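Working notes, structure below.
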2 protein chains.
Amino acid sequence: MRVTDVEIVRALPLFSGMQKAHFETLIAAGYVQRFPHKVALLHEGEKPNFLHVLVEGSIEFSSESRGRETTLSFLKPPGAFILAAVILDQLYLKSARTAEASMVVLIPAEAVRDVFDRDPAFARAVVAELAVRYRGIVKDLKNQRLRTSLERLANWILAHDEECGRLGSFTIPIEKRALAHLLGMRPENLSRSFAELADIGVEVRGPIIKINDRAALAELAKPDPLIDDPRI
Amino acid sequence: MRVTDVEIVRALPLFSGMQKAHFETLIAAGYVQRFPHKVALLHEGEKPNFLHVLVEGSIEFSSESRGRETTLSFLKPPGAFILAAVILDQLYLKSARTAEASMVVLIPAEAVRDVFDRDPAFARAVVAELAVRYRGIVKDLKNQRLRTSLERLANWILAHDEECGRLGSFTIPIEKRALAHLLGMRPENLSRSFAELADIGVEVRGPIIKINDRAALAELAKPDPLIDDPRI
DNA sequence: TCTGGTGCTTGATAAAAGTCAATTGAAAAG
DNA sequence: CTTTTCAATTGACTTTTATCAAGCACCAGA
């Protein structure tokens, strides 16, 4: 493993507080793997053998049932994933695939559970990570239950613009079909929703979105910090 | 606080492994409170002052935005709630109200975070609790995204019958309107869905549900362990 | 330059879910 | 025993979302 990769992992809140010796145990047991675009890393229903840490690229999490499929989230580096399944040693509830060429550090689940029992700082970090993720999904569920797909899109645009520095314009970081699935809608409906937003000054040119009338968009979206604010 | 109440709290997985002295610190700082039916305990957006432990009764968790409201879950005793907000010292994402007359043990959030830092067994228990809850909501989100309301109802009936010992008949433990909101639908649609299920042998008489043809119901519901099995 | 592929868009239609209003029915209150 | 109340149901209608099919635009490779 390259030194810079180790440093990226060490810098994660999940690992930064733990004892040096324990971290080195984990890293020694782990290894790095590179994956091309659109490769399946994990399939829902399987047992986890490794805690995954995304160092480079991005990962899409999805789930499937009765022939239907939905995207639950995307992960950008750096970040650990499938922590809950590893901790509980239970089946994955989601599938994961690369959304671009990615580099992932794999740490044996057994080692994680082991160190978790011995390093209080690591245990605290795991708790914080889980608590944050938990709250993230509560927000997703509220988003899904309390809003129409048009409203979810409007709020996503506002939130993403915020994330990009409130420039009023940004490039969609994923395919539109992937965005549709992330927002819990079909690609056809995403197109129609963009067309509707054009009326209130949202300009869409290919993957570029421009907000011409933020007030109007916010009026439609009615953003709610308890759903949309990633810091809360 | 009555001795039996303390014992109920102590017996919770969340508290059973921790050091006696630490548990007594928590209990000494806490106190019991009784609430009548339909009383608001917490309102989303507020800061948590106490970890709540439900000893008796039941609690409904809901959320509201742009005038719409949805029920996210019910809690039966014994069980702790708002753990994530307490641990992170952040705002509630859900509101809680009693779904029947209830008894709740309140433990100051500060004390919980304090003991959490000093008792590794407690920290482990918190992690396990959070991980289980996290997975619970992932399943809720999948349920919402991948199924129609009729399918959610069919699966709820199967799961609840299972929980009641697979007797083929049970009484709905909450008002139908509450069940509708829990399943992410309107009461009117719940009625219509029950009427549809009558065609495949689901008999509904007031609050009593009888499954006359489990195979047919399962054929419609297509239960999926990665959504419906509470043990996974 | 042409060609095939792929992702996106558009249109027509159907299914799912929500809304509004009226009615039923059963339990609680007088 | 009657009246009141309120959850539950039913009907008519609208909105939202999905589905199916066709068309368009853009890029990669021949």
Side-chain angles (χ1 to χ4, degrees), chain A residues 37-38 60 64-71 99-100 141-157 171-199 202-209 220-222, chain B residues 36-38 60 64-71 99-100 141 143-157 171-199 202-209 220-222:
Chain A
H37 184 46
K38 289 203 172 164
E60 177 181 3
E64 182 266 327
S65 198
R66 37 167 71 229
R68 300 164 198 157
E69 198 189 339
T70 189
T71 297
E100 44 187 306
L141 186 57
K142 289 170 63 172
N143 195 29
Q144 185 72 34
R145 284 262 184 102
L146 295 168
R147 287 174 172 159
T148 66
S149 59
L150 179 67
E151 291 162 0
R152 292 196 296 276
L153 173 60
N155 278 293
W156 182 87
I157 292 173
T171 301
I172 306 176
I174 51 179
E175 284 180 347
K176 283 185 186 170
R177 63 202 319 278
L179 177 59
H181 290 132
L182 177 65
L183 293 173
M185 61 203 287
R186 303 284 132 204
E188 293 95 324
N189 279 330
L190 180 64
S191 274
R192 286 186 257 267
S193 295
F194 274 134
E196 274 193 73
L197 292 182
D199 301 342
V202 176
E203 236 176 282
V204 182
R205 280 179 168 276
I208 299 167
I209 293 184
L220 172 79
K222 292 200 178 31
Chain B
H37 184 45
K38 291 203 170 161
E60 178 181 3
E64 182 265 327
S65 197
R66 38 169 68 231
R68 300 164 197 156
E69 199 189 338
T70 189
T71 297
E100 45 188 304
L141 186 58
N143 195 29
Q144 185 73 34
R145 284 262 183 101
L146 296 169
R147 287 173 172 159
T148 66
S149 59
L150 180 66
E151 291 163 359
R152 291 197 295 276
L153 174 60
N155 278 292
W156 181 86
I157 291 173
T171 301
I172 305 176
I174 51 178
E175 284 181 348
K176 283 184 186 171
R177 64 202 318 280
L179 177 61
H181 290 133
L182 177 65
L183 294 173
M185 60 203 288
R186 303 284 135 204
E188 294 95 324
N189 279 331
L190 181 64
S191 275
R192 288 186 255 266
S193 295
F194 273 134
E196 275 193 72
L197 292 182
D199 302 342
V202 176
E203 236 176 281
V204 182
R205 281 181 166 274
I208 299 169
I209 293 184
L220 172 78
K222 293 202 179 27

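Chain letters run A, B, ... following the sequence lines, proteins first, then strands; residues in each count from 1. Here the structure is a predicted model, which means the values were calculated and not measured.
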Practice prompt. Provide, to the nearest angstrom, the distance between the CE atom belonging to B:Met185 and the C1' atom belonging to C:dT19.
Written response: 15 Å
Worksheet item: Within this structure, what is the CZ-to-C1' distance between B:Arg147 and C:dA17, rounded to whole angstrom?
Response: 18 Å
Response to the item:
Once base and sugar-phosphate atoms are separated, protein heavy atoms under 4.0 Å mark nucleotides 5-14 of chain D, 5' to 3', with B, S and - as --SSBBBB--
Discussion item. Given 3.5 Å as the limit, does a donor-acceptor pair link the side chain of A:Asn155 with the main chain of A:Glu151, or not?
Written reply: yes
Worksheet item: For B:Gln144 and D:dT16, what is the distance between atoms CD and C1' respectively, to the nearest whole Å?
Response: 14 Å
Worksheet item: So do the side chains of B:Leu197 and B:Asp199 get within less than 4.5 Å of each other, counting heavy atoms only?
Response: no
Practice prompt. Report the distance from atom CD of B:Glu151 to atom C1' of D:dA18, rounded to the nearest whole Å.
Written response: 13 Å
Fill in: N/O (side chain, B:Thr148) to phosphate O (OP1/OP2, C:dA16) under 4.0 Å
no
Worksheet item: CZ of B:Arg186 versus C1' of D:dT15: gap in Å, rounded?
Response: 13 Å
Discussion item. Within the supplied structure, the quantity of interest is the number of heavy atoms (other residues, nucleotides, ligands) at a distance under 6.0 Å from B:Arg66 CZ; does it exceed 12?
Written reply: yes
Item to complete: Please examine the side chains of A:Lys176 and A:Val204, heavy atoms only from C-beta on, and report whether any two atoms are closer than 4.5 Å.
Response: yes
Worksheet entry | Side-chain (A:His181) to main-chain (A:Arg186) donor-acceptor, under 3.5 angstrom | no
Fill in: d(CZ, B:Arg66; P, C:dT19) in whole Å
12 Å
Worksheet entry | Integer-rounded Å distance: C:dG25 P and B:Arg205 CZ | 13 Å
Worksheet item: To the nearest Å, how far apart are B:Leu146 CG and D:dT17 P?
Response: 16 Å
Worksheet item: Are the side chain of A:Arg145 and the backbone of B:Thr70 linked by a donor-acceptor contact shorter than 3.5 Å?
Response: no
